[in-house]
Amino acid sequence: MDKNQGYAILKAVMLENGRGFALGECPRAPEPFVTWACYDDEHGRQQYEWGHYGSDREALARDLTERVEDYQRQFSVKVAWVEEPGLYKYYSTQRPVDIGTFPKPSHNAPDEIVNYDQRVPVEGGAFLAWGHLTYTRPLSEKDMADYELRPSMDNPAVGKRMERQRAAAERKRKKFPISRQMKEAGRQAQERQAPPTPKREAPDRGER
């Protein structure tokens with residue numbers, strides 16, 4: 001994670017318009033916790049402004065939430081992603097993690113690199129992996145494809161996508177009840193089994 005004015009950034013909530021808010025900590029400071037408004041500059045570096053300082057971590061964590069919600073109410077923007085140390089986990093499915101085997105996007109170096117003793121089942125046995133990496137920010141689909149990485153199902157983006165898929169399936173189920181689905185499936189099966197309609201031969205010129 002980033003640092004600003006000696007404060008380590010513990011969490012950042014970024015909005016779809018490129019703005020966001022962050023929570024920082026500096027144990028040596030008289031007021032060890034702070035929330036800032038933040039944004040990425042033209043070089044991709046995060047900039048911080050408008051700090052709220054205090055000594056109560058829980059109070060500043062609530063301040064972070066309130067600042068995000070107030071901004072959303074004012075400008076009607078959604079949360080794009082949340083940044084925390086080790087928040088985004090990716091598995092190396094084809095090889096142990098080594099030099100040149102994982103992406104290093106600008107301003108998003110891995111927080112953690114872990115190699116297993118061998119290729120082992122992960123994510124409840126869903127697939128095999130040689131190790132994993134954790135990142136502060138999500139990787140792009142291209143980065144994952146280029147290095148044959150698979151995201152953890154616990155990653156926020158994956159969880160949201162699964163929630164959307166479940167919601168879509170639930171809407172479809174309500175729109176098409178199981179009885180209707182079974183009836184439709186039976187109709188389609190009958191159509192597949194029905195003998196084809198004989199094709200009539202066109203009469204030749206003498207029969208017309």
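Keep in mind that the numbers below use all heavy atoms, side chains included, and drop hydrogens, waters and symmetry copies.
- The salt bridge (Lys or Arg N to Asp or Glu O under 4.0 Å) pairs that include a residue from residues 114-139 are D40-R137, E83-R137, where partners are two or more places apart or lie in different chains.
- In this view, Y91 and F127 satisfy the ring pair (Phe, Tyr, Trp, His ring centres under 6.0 Å) rule, not counting sequence neighbours.
- The ring pair (Phe, Tyr, Trp, His ring centres under 6.0 Å) check on Y53 picks up Y7, with sequence neighbours excluded.
- Hydrophobic clustering, with ILVMFWY side chains joined whenever heavy atoms are under 4.5 angstrom apart, keeps Y39 apart from L23.
- Checked by atom type and distance alone, the side chain of T136 never pairs as donor or acceptor with a backbone atom of P85 at under 3.5 Å.
- A search for ring pair (Phe, Tyr, Trp, His ring centres under 6.0 Å) contacts involving H132 returns Y116, not counting sequence neighbours.
- Using a 4.5 Å cut-off on side-chain heavy atoms (C-beta onward), P156 and V82 make no contact.
- In Q74, the CD atom is crowded: over 12 heavy atoms of neighbouring residues, nucleotides or ligands sit closer than 6.0 Å.
- Distance alone, capped at 3.5 Å, places no donor-acceptor pair between the N115 side chain and the P96 backbone.
- Criterion: ILVMFWY side-chain heavy atoms under 4.5 Å apart, direct or through other members. Under it, Y147 and W130 are not part of a common hydrophobic cluster.
- One distance of note links OH of Y135 with CG of D111; it measures 9.5 Å at 0.5 Å rounding.
- Looking at M14, Q47, R19 one by one, the single match for side chain to side chain contact (heavy atoms under 4.5 Å, CB included) with C38 turns out to be M14.
- Here the straight-line distance linking atom CD of Q94 with atom CG of L128 works out to 9.5 Å at 0.5 Å rounding.
- A donor-acceptor distance shorter than 3.5 angstrom exists from the side chain of N155 to the backbone of K89, with no hydrogens or angles considered.
- Taken from CG in N17 to OG in S76, the straight-line distance is 11.0 Å, to the nearest 0.5 Å.
- V97 is not listed as a side-chain neighbour of V114, based on a closest heavy-atom distance of 4.5 Å or more.
- Grouping Ile, Leu, Val, Met, Phe, Trp and Tyr by side-chain contacts under 4.5 Å, direct or through others, leaves I99 on its own.
- The heavy-atom pair separating P27 from P32 by the smallest distance is CA-CB, 4.2 Å.
- Put simply, the side chain of Q46 does not reach to within 4.5 Å of the side chain of H107, judged on heavy atoms.
- There is a path of hydrophobic side-chain contacts, each under 4.5 Å, that joins L87 to L149.
- Hydrophobic clustering places L64 together with F75 (ILVMFWY residues linked when any side-chain heavy atoms are closer than 4.5 Å, directly or through intermediates).
- A donor-acceptor contact shorter than 3.5 Å links the side chain of Y90 to the backbone of L139.
- Applying the salt bridge (Lys or Arg N to Asp or Glu O under 4.0 Å) test to pairs two or more places apart or on separate chains, those with a residue in residues 63-78 are D70-R73.
- A heavy-atom distance below 4.5 Å is found between the side chains of Q72 and V79.
- When all heavy atoms are compared, the tightest approach of D143 to P105 is OD2-CG, 3.7 Å.
- Between F21 and the choices W36, W50, Y71, the ring-ring contact (aromatic ring centres under 6.0 Å, His included) rule is met once, by Y71.
- A salt bridge links R95 with E148: the distance from a Lys NZ or Arg NE/NH1/NH2 to an Asp or Glu carboxylate oxygen falls below 4.0 Å.
- Summarising the geometry of V122 relative to A129, their closest heavy-atom pair is CG2-CB, 4.0 Å, with the distance given to 0.1 Å.
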Requested in this report: Verify side-chain contact (heavy atoms from CB on, under 4.5 Å) between Y48 and D2, making sure each step is shown before the conclusion.
Outcome: CA-CA 11 Å; Y48 302 89; D2 290 341; 3.4 Å; yes
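- In terms of heavy-atom proximity, A22 sits nearest to I9 at CB-CG2, 4.1 Å.
- The distance from the OG atom of S140 to the NZ atom of K142 is 7.0 Å, given to the nearest 0.5 Å.
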